[in-house]
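What follows is a short report on a single structure.
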Amino acid sequence: MKEPCIRSMREQIQKEINASMQYLAMAAYFSNDTVNRPGFAEHFFKAAKEEREHGAKLIEYLSMRGELTHTVKDLIKVSPVKVKNWTGLSALEDAFKLETEVTKSIRDLIKTCEGNSKKADDNDYHLVDYLTGVYLEEQLTGQRELAGKITTLEKMMSSQGELGEFLFDKNM
């Protein structure tokens, strides 16, 4: 693996872990007894687990390629998360924005690992195939699902107000 690709992989691992922590904060917020939106909480707990698993899979990939031998100690840093008083809609919109950022980051990682020159050894074909086949498709599917949830919740809230969010939560 070339150094720019390794560096970008390490950055992507950090982004996946940061996304996981943000989703965990959102899940905890909706689990709070004063908020009590178990559907949203469950959704964000699942999202946190998925992002954490993505980070772990990327770590496993680096390990498989022999790229974790000397610098594993500074691989993951826990960053502060943003916590606010979300509504169901604002949380889904924040999640969509976060997923879009992670998807862009994966695309940038793919471009980096494809290499800049026409030399075949600058392209990490195996990693690029892995990222496009597994991660990119999952990211795009996730974004599409979030967009659908946002649209549905907006419609429910425009006709039902806060009751719309309550009903949406019950059907998540």
Side-chain angles (χ1 to χ4, degrees), residues 1-28 30 40-83 86 89-153 172:
M1 290 182 75
K2 304 287 183 186
E3 184 55 36
C5 187
I6 296 168
R7 186 174 48 255
S8 292
M9 276 284 282
R10 294 172 72 86
E11 290 168 5
Q12 186 64 37
I13 290 166
Q14 185 63 55
K15 287 178 182 166
E16 300 287 349
I17 298 304
N18 289 346
S20 176
M21 296 301 291
Q22 186 61 51
Y23 285 138
L24 193 58
M26 295 166 99
F30 285 105
F40 283 99
E42 182 180 345
H43 170 79
F44 289 119
F45 276 126
K46 285 179 183 174
K49 181 181 178 200
E50 181 180 302
E51 297 300 333
R52 186 177 61 250
E53 287 172 351
H54 287 174
K57 285 179 183 177
L58 293 176
I59 291 169
E60 288 172 7
Y61 186 89
L62 280 179
S63 180
M64 177 189 75
R65 297 285 301 269
E67 300 299 337
L68 283 181
T69 54
H70 301 296
T71 56
V72 74
K73 67 180 167 71
D74 58 328
L75 183 61
I76 298 172
K77 295 180 174 64
V78 178
S79 303
V81 295
K82 299 171 192 157
V83 179
W86 287 285
L89 184 59
S90 69
L92 290 175
E93 289 171 339
D94 286 355
F96 182 80
K97 187 175 170 183
L98 183 58
E99 288 299 313
T100 302
E101 290 169 6
V102 171
T103 300
K104 182 188 179 317
S105 178
I106 291 170
R107 286 180 175 181
D108 291 345
L109 172 59
I110 290 167
K111 286 178 190 172
T112 299
C113 295
E114 283 179 330
N116 300 354
S117 72
K118 295 181 181 181
K119 289 192 240 169
D121 28 327
D122 282 352
N123 189 321
D124 192 330
Y125 295 104
H126 186 260
L127 177 58
V128 169
D129 182 58
Y130 180 69
L131 292 171
T132 55
V134 176
Y135 285 86
L136 201 53
E137 183 175 341
E138 194 172 309
Q139 285 297 127
L140 295 172
T141 300
Q143 281 180 245
R144 175 68 184 108
E145 288 173 6
L146 278 171
K149 288 179 190 289
I150 290 168
T151 300
T152 301
L153 181 54
M172 279 189 85

Using only atom types and a distance under 3.5 Å, with no angle test, would you say the side chain of [X] pairs donor to acceptor with the backbone of [Y]?
{"X": "S105", "Y": "E101", "value": "no"}
{"X": "Q14", "Y": "K77", "value": "yes"}
{"X": "T132", "Y": "V128", "value": "yes"}
{"X": "S63", "Y": "I59", "value": "no"}

Which value, rounded to the nearest 0.5 Å, describes the distance between [X] atom [atom1] and [Y] atom [atom2]?
{"X": "E53", "Y": "E60", "atom1": "CD", "atom2": "CD", "value": "10.0 Å"}
{"X": "Q143", "Y": "L98", "atom1": "CD", "atom2": "CG", "value": "10.0 Å"}
{"X": "M26", "Y": "S90", "atom1": "CE", "atom2": "OG", "value": "7.0 Å"}
{"X": "E50", "Y": "F45", "atom1": "CD", "atom2": "CZ", "value": "15.5 Å"}
{"X": "N18", "Y": "I13", "atom1": "CG", "atom2": "CD1", "value": "12.0 Å"}
{"X": "E99", "Y": "L140", "atom1": "CD", "atom2": "CG", "value": "10.0 Å"}

Side-chain heavy-atom pair [X], [Y] within 4.5 angstrom cut-off:
{"X": "I110", "Y": "I106", "value": "yes"}
{"X": "Y130", "Y": "K57", "value": "yes"}
{"X": "T141", "Y": "E145", "value": "yes"}
{"X": "L153", "Y": "M172", "value": "no"}
{"X": "L136", "Y": "T103", "value": "yes"}

Looking only at heavy atoms, what is the nearest atom pair of [X] and [Y], with distance?
{"X": "T112", "Y": "S8", "value": "CG2-OG, 3.5 Å"}
{"X": "F44", "Y": "A95", "value": "CE2-CB, 3.8 Å"}
{"X": "A25", "Y": "V81", "value": "CB-CG2, 3.7 Å"}
{"X": "S20", "Y": "R52", "value": "OG-CB, 3.5 Å"}
{"X": "A19", "Y": "V102", "value": "CB-CG2, 4.2 Å"}

ask   = Would E51 and L24 count as a side-chain contact (heavy atoms from CB on, under 4.5 Å) if you check the C-alpha gap in whole Å, the side-chain angles of each, and the deciding distance to 0.1 Å?
value = CA-CA 10 Å; E51 297 300 333; L24 193 58; over 6 Å; no
message = Looking at D94 and K82, is any side-chain nitrogen of the basic one under 4.0 Å from a carboxylate oxygen of the acidic one?
response = no
query = Between E93 and K97, is the closest basic N to carboxylate O distance under 4.0 Å?
reply =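 No.
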task = In sequence, state the C-alpha distance, the side-chain angles, and the governing distance for E16 and Q12, and then conclude on side chain to side chain donor-acceptor pair (under 3.5 Å).
result = CA-CA 6 Å; E16 300 287 349; Q12 186 64 37; 2.9 Å; yes
inquiry  = Using the rule given for side-chain contact (heavy atoms from CB on, under 4.5 Å), can you reason through L131 versus L58, listing the C-alpha separation, both sets of side-chain angles and the distance that settles it, and then say yes or no?
reply    = CA-CA 9 Å; L131 292 171; L58 293 176; 4.0 Å; yes
ask   = Which word best sums up how the rings of H54 and Y135 line up, parallel for under 30°, tilted for 30 to 60°, or perpendicular for over 60°?
value = perpendicular
request  = Please report the C-alpha distance between W86 and L92 in whole Å, then the side-chain angles of each, then the deciding distance to 0.1 Å, and finally whether the side-chain contact (heavy atoms from CB on, under 4.5 Å) criterion is met.
outcome  = CA-CA 9 Å; W86 287 285; L92 290 175; over 6 Å; no
inquiry  = For a side-chain contact (heavy atoms from CB on, under 4.5 Å) check, start with the C-alpha distance between M9 and Y61, then their side-chain angles and the critical distance, and finish with the verdict.
reply    = CA-CA 10 Å; M9 276 284 282; Y61 186 89; 3.8 Å; yes
message = How about CD on E137, more than 12 heavy atoms from neighbouring residues, nucleotides or ligands closer than 6.0 Å, or not?
response =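 Open.
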